[in-house]
Structure formats: structure tokens, C-alpha cells
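Take this structure, written in C-alpha cells, and hold onto it; I'll ask about it next.
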There are 2 protein chains.
Amino acid sequence: MGPQHRTMKEGPDISRIGAMLGDPARANILTALMSGKALTAGELAYEAGITPATASGHLRKLEESGLILPRKQGRHRYFTLAGDEVAHALETLMGLAAERGHLRSRIGPRDPDLRAARVCYDHMAGTAGVRIFDSLLGRGLLELGGTGVSLTGPGRAWATAFGIDLAPLESARRPLCRTCLDWSERRTHLAGSLGAAILANLQARRWAQRLQNSRVISFSDDGRAGFETHFPLAN
Amino acid sequence: MGPQHRTMKEGPDISRIGAMLGDPARANILTALMSGKALTAGELAYEAGITPATASGHLRKLEESGLILPRKQGRHRYFTLAGDEVAHALETLMGLAAERGHLRSRIGPRDPDLRAARVCYDHMAGTAGVRIFDSLLGRGLLELGGTGVSLTGPGRAWATAFGIDLAPLESARRPLCRTCLDWSERRTHLAGSLGAAILANLQARRWAQRLQNSRVISFSDDGRAGFETHFPLAN
DNA sequence: CGGATGTTTCGGCCGGGGCCGAAGCATCCG
DNA sequence: CGGATGCTTCGGCCCCGGCCGAAACATCCG
């Protein structure tokens with residue numbers, strides 16, 4: 001009979017959704033879907049570190065809660081987050097969790113390549129990710145406000161010159177700039193649509209590419225040189 | 001050892017906070033604290049429908065998770081939400097829960113004042129918040145685009161006449177207009193820098209003020225009249 | 001000081017739910 | 001058609017954690 005024996009309470013019931021997020025396996029599934037990509041049940045099982053059987057049960061619950069949407073295709077079932085509101089709520093919670101120091105697993109990656117540069121969701125992390133952030137901040141292209149980080153006037157000019165069209169990014173709902181705590185460096189790097197755009201730009205220039213089946217980002221020789229030039233440290 | 005047997009993942013761990021929200025008793029406690037008031041352990045036990053012994057354990061966990069803050073006073077312990085970020089995250093989740101049909105039984109906060117007008121982040125929420133949105137939309141001052149909401153030409157004129165200088169808002173990175181799902185009304189209200197500016201303007205006119213230690217926004221008599229006049233419903 | 005009130009700790013009960021392997025469907029492909 | 005691959009269902013194990021009452025602490029008050 002639980003604690004609801006008293007008269008009705010009011011308001012939305014957070015606990016249903018909270019319970020969904022409260023299981024580590026389900027949280028991993030949702031985090032994996034934050035990339036925006038549609039992933040199959042099997043891929044999500046692997047991401048969450050559980051067997052397909054267990055994942056299937058979790059996916060059913062998440063679907064029933066309205067947090068994810070299935071899309072059947074052949075013998076695969078692809079899942080995506082159920083909408084922008086879900087993604088937004090997850091981001092908000094992630095911000096809160098990060099702020100409270102609730103981070104997933106502790107020890108940094110042993111692989112030096114992974115420490116140097118890797119994909120974090122869809123932006124650059126690792127030494128290179130922190131370097132981008134430090135460079136932009138040190139040159140006054142980014143500024144830290146009370147609530148977060150934002151692009152300055154000179155920063156807007158820089159982005160355009162670098163080849164990033166800000167207009168579509170700013171009309172989208174996703175925040176342009178967002179801080180993300182780098183887990184190997186334990187410092188801040190840049191996320192948000194600008195962070196994603198920078199990584200995409202580096203890949204388009206063929207300065208860097210993501211290795212197959214890995215989060216490692218590998219720089220070409222030219223790419224490394226260009227990167228150093230375009231993201232210098234102030235002073 | 002749970003499902004984290006695989007190597008490191010990155011990013012914040014939602015599941016810790018999710019687990020906190022996932023218990024109905026704890027969700028009730030947090031919901032009660034959404035009023036912004038400080039409540040004692042006993043009051044929270046009663047609100048959540050559990051014994052003081054059980055509540056004590058929950059409160060300790062919530063405190064350890066950084067979601068609530070204790071304030072000892074005499075033989076009472078008062079608790080409040082740990083900050084605006086927590087309140088904001090809860091509000092976001094409540095909107096999502098309401099949208100998904102996860103209701104407890106009635107809608108929104110018990111406190112009628114809180115339902116009428118309250119602060120959501122930095123803009124107006126509640127009946128008054130929805131009224132602002134409906135009024136501007138109905139009079140063609142706002143328009144709904146594919147991605148979100150934006151100010152129309154007449155809307156810009158209205159804002160200026162109302163005493164809001166749009167120039168600094170538009171040069172800032174933060175979106176001018178943004179929709180936000182209202183937790184008590186379950187409808188859209190206006191967020192973004194314009195939403196914040198409108199609330200600030202109402203306060204500057206002394207039409208409304210935020211009550212101490214509460215999220216409630218209280219209107220003066222003059223203020224209520226002026227509000228009705230300036231935010232009429234179309235037709 | 002002693003009794004009233006508020007809060008926490010302790011011990012023990014109990015149920016929900018996460019986990020897996022094996023078997024059962026569904027789908028694709030040669 | 002039959003074998004591979006992806007996903008779900010079923011059955012059973014097991015542990016986490018919520019719940020309470022009783023008793024211990026803490027604080028106020030007369």
C-alpha cells in the first residue's frame with residue numbers, strides 16, 4: 001500500500017520518471033541516446049553493460065514511461081529519446097549531477113590516445129577539448145556568465161571566420177555553449193552546439209577523424225599544426 | 001558489482017539523483033519544498049505520508065545528494081531545496097511528468113498563491129505566466145515558428161512601448177524567446193531573456209514582487225489592474 | 001530537575017525489482 | 001527451405017532498500 005495512504009497529493013508525479021532514471025543501466029541507456037542517434041536494442045545493451053535480455057525489459061519500461069520511442073526496422077529495433085523535452089530534462093539533470101559531483105566512474109582512461117582527444121557525446125574532450133576551451137576563454141572569445149558560458153562579440157566573429165555558421169545553431173533549441181566537465185582532465189571543456197560544430201569543422205577540414213569503433217579522435221600532422229595555430233593559449 | 005563492469009564512461013551520473021527522485025516518499029518531500037518554504041522534518045514526514053523515522057532516513061539521503069539543505073533551529077531541523085538549480089530541475093521534470101500523464105491526482109501546487117504566480121528560474125510562471133504568453137500570442141505579438149517562439153514586428157513595438165529595451169537582449173547570446181512548460185497549468189509560458197525582462201519590468205513598476213523565501217510572486221492591487229490591462233486576452 | 005516535544009538510530013521484516021540463461025519468436029539471407 | 005542474427009519472454013535467484021516501532025538523543029520549558 002505504500003506511503004500514498006493519505007489523501008491525494010497534487011501535482012505531477014516525479015517519482016515515476018525519477019525511478020526510470022534511478023537505475024544505472026537505464027541511465028546509461030538514456031545517456032547513450034543523448035547523442036541524438038537512434039541505437040538498436042543490442043547496442044544499448046552493450047552501452048549499459050547488461051545482457052540483451054535485461055536491456056529488453058528496461059527498454060520496455062522506458063518506452064512505457066514515454067521517455068524513448070521505438071522504430072522498428074527489419075529485425076532491429078531502433079530507439080531514440082522521445083523528444084526535445086526529454087533531452088532537455090536530461091541535460092538539466094546532468095548539469096545538476098555534475099555540479100553535485102556525481103560523476104560516472106572515476107579513473108581516467110589509461111589509453112593515452114583517449115586522454116589526448118576523444119569524442120564526448122558529439123564534441124571534443126580530453127586534452128584537446130580542454131585546450132579549445134582554454135584558448136577561446138583566454139582570448140576573450142568566450143566568457144563565463146553567472147549561469148554558464150557564452151560567446152562574446154569577438155567570439156562570434158571568430159566563429160564565422162573559422163567557418164561556422166551560427167545562424168542555424170542559434171535558431172535551434174539546443175544551447176550554443178555549454179560547459180562539460182572533462183573526466184580525464186578534471187577541467188571544463190566546451191559542449192553545446194558550438195562544441196559540436198567545432199568538432200564537425202575539424203573533421204570536415206580533415207584535421208581530425210574519429211577512429212572506427214572508438215571514441216579516440218586522431219589528428220593528422222597538418223591537422224595538429226592547424227589546431228595549434230587556431231587554438232593558441234593566451235600569453 | 002552492478003552493470004558498471006565495463007571501462008569508464010563519461011559525463012555526469014544521472015542515476016544517483018534519479019534514484020533520489022524515484023522514491024515516492026522522497027518525491028513528495030521535494031515537491032513540498034518546491035514552495036520555497038523551509039519545512040521541518042516532522043512536517044515533511046506528514047507531507048510524504050510516512051513516519052518521522054522513515055522521513056529522517058530520506059532526509060539524510062537527500063542531504064547527502066546535495067538536493068536539500070538543513071538549517072538547525074532549536075529542536076527543529078528546517079529543510080529547503082539546495083538552490084535554484086535544484087528547483088529548476090524539479091520544475092523541468094514536473095513539466096515532463098505532467099506531459100507524460102504521470103499525475104498524482106490534482107494538478108500543481110496546493111498553495112493557491114503559488115498556482116497564481118510564481119518565479120520559474122527568472123521568469124513568471126503559474127496562471128499569470130500563462131496569461132502573459134496567451135495574451136502576446138493572441139494579439140499577434142508573438143508567433144510560433146517551427147523551432148520555437150519569436151517576437152513579431154508589432155511585438156517588438158509593444159515591447160519597446162512597455163519599457164523593454166530589446167537591443168541588449170538581442171546582442172546577448174541567450175535566446176530572446178523560449179517556451180517553458182508550466183508545471184501547474186500544464187501549458188506553455190514564456191521564458192528566455194524576454195520572459196525575464198517582463199518579470200523584471202513588473203517588479204520595477206512595483207506591480208509585483210517576489211515574497212521572501214518563497215517563489216510566490218505577489219501582485220499589488222494597482223499591479224493586478226495594470227497587469228490585466230496590459231496583458232488582455234484576444235477577442 | 002523532570003516531563004513534553006522533535007528527531008535520529010537500531011533491528012528486523014518484507015516486497016519489488018534487477019539480473020541472468022534458456023528457450024521462443026521474428027526477420028533476413030543464402 | 002534452413003541456418004544465422006536480433007530481440008523478447010519466462011522462470012528463478014537474490015539483494016537492495018523502504019517501512020515501521022521502540023528506544024535513544026536532543027532541546028525546550030515550567
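Fair warning: this is a prediction, and the values are worked out from it, not measured in the lab. All chains are named by letter (A, B, ...) in the order of the sequence lines, taking the proteins before the strands, and each is independently numbered beginning at 1.
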note: B:Arg16, atom CZ; D:dG17, atom P; distance rounded to Å ~ 11 Å

B:Ile50 CD1 to D:dG18 C1', in whole Å, measures 9 Å

Legend entry - Short side-chain N/O contact from B:Thr54 to OP1 or OP2 of D:dG18, under 4.0 Å: no

Practice task
Determine whether more than 12 heavy atoms belonging to other residues, nucleotides or ligands lie under 6.0 Å from atom CG of A:Asp221.
Solution key: no

Between CZ of A:Phe79 and C1' of D:dC7 the distance, given in whole Å, is 9 Å

Rounded to whole Å, the CG-P distance (A:Asn28 to C:dG18) equals 14 Å

*asked:* Can you see if the side chain of A:Arg77 gets near the phosphate of C:dA26 - specifically, an N or O under 4.0 Å from OP1 or OP2?
replied: no

In whole angstroms, the gap separating P of C:dT27 from CZ of A:Arg71 amounts to 17 Å

So, with a heavy-atom separation below 4.0 Å from DNA chain D, the residues of residues 57-65 of chain B are B:His58, B:Lys61

Determine the contact category for B:Ala41: base if any of its heavy atoms lies under 4.0 Å from a base atom, sugar-phosphate if only primed atoms, P, OP1 or OP2 are that close, otherwise nothing. sugar-phosphate

query = Can you tell if the side chain of B:Leu39 reaches within under 4.5 Å of the side chain of B:Leu33, non-hydrogen atoms only?
reply = yes

Picking from D:dG6, C:dT7, C:dT8, the nucleotide nearest the side-chain atoms of B:His76 would be C:dT7

| message | Can you confirm whether or not the ring centre of A:Phe162 sits under 6.0 Å from the ring centre of A:Phe231? | response | yes

By side-chain contact (heavy atoms from CB on, under 4.5 Å), A:Ala19 pairs with (sequence neighbours left out) none

Q: Taking only the side-chain nitrogens and oxygens of B:Thr51, find out if one of them lies under 4.0 Å from OP1 or OP2 of D:dC20.
A: yes

Taken in chain and number order and not counting sequence neighbours, the residues that satisfy side-chain contact (heavy atoms from CB on, under 4.5 Å) with A:Thr40 are A:Glu43, A:His76, A:Tyr78

Applied to residues 56-70 of chain B, the salt bridge (charged side-chain N to carboxylate O under 4.0 Å, His left out) test, sequence neighbours excluded, yields B:Arg60-B:Glu64, B:Glu63-B:Arg77

Got B:Leu21 and B:Leu67 here, is their nearest side-chain heavy-atom distance under 4.5 Å? yes

Taken to the nearest whole Å, CG/A:Leu21 to P/C:dG17 is 15 Å

Nearest heavy-atom approach of B:Glu91 to B:Arg118 is OE2-NH2, 3.2 Å

To the nearest angstrom, the OH-P distance between A:Tyr78 and D:dG6 comes to 11 Å

Going 5' to 3' through nucleotides 23-30 of chain D and flagging B where a protein heavy-atom sits under 4.0 Å of the base, S where only the sugar-phosphate is that close, and - otherwise, we get ---SBB--

Across all chains, not counting sequence neighbours, the salt bridge (charged side-chain N to carboxylate O under 4.0 Å, His left out) partners of A:Asp222 are none

Here the distance between atom C1' of D:dG17 and atom CZ of B:Arg26, to the nearest Å, is 9 Å

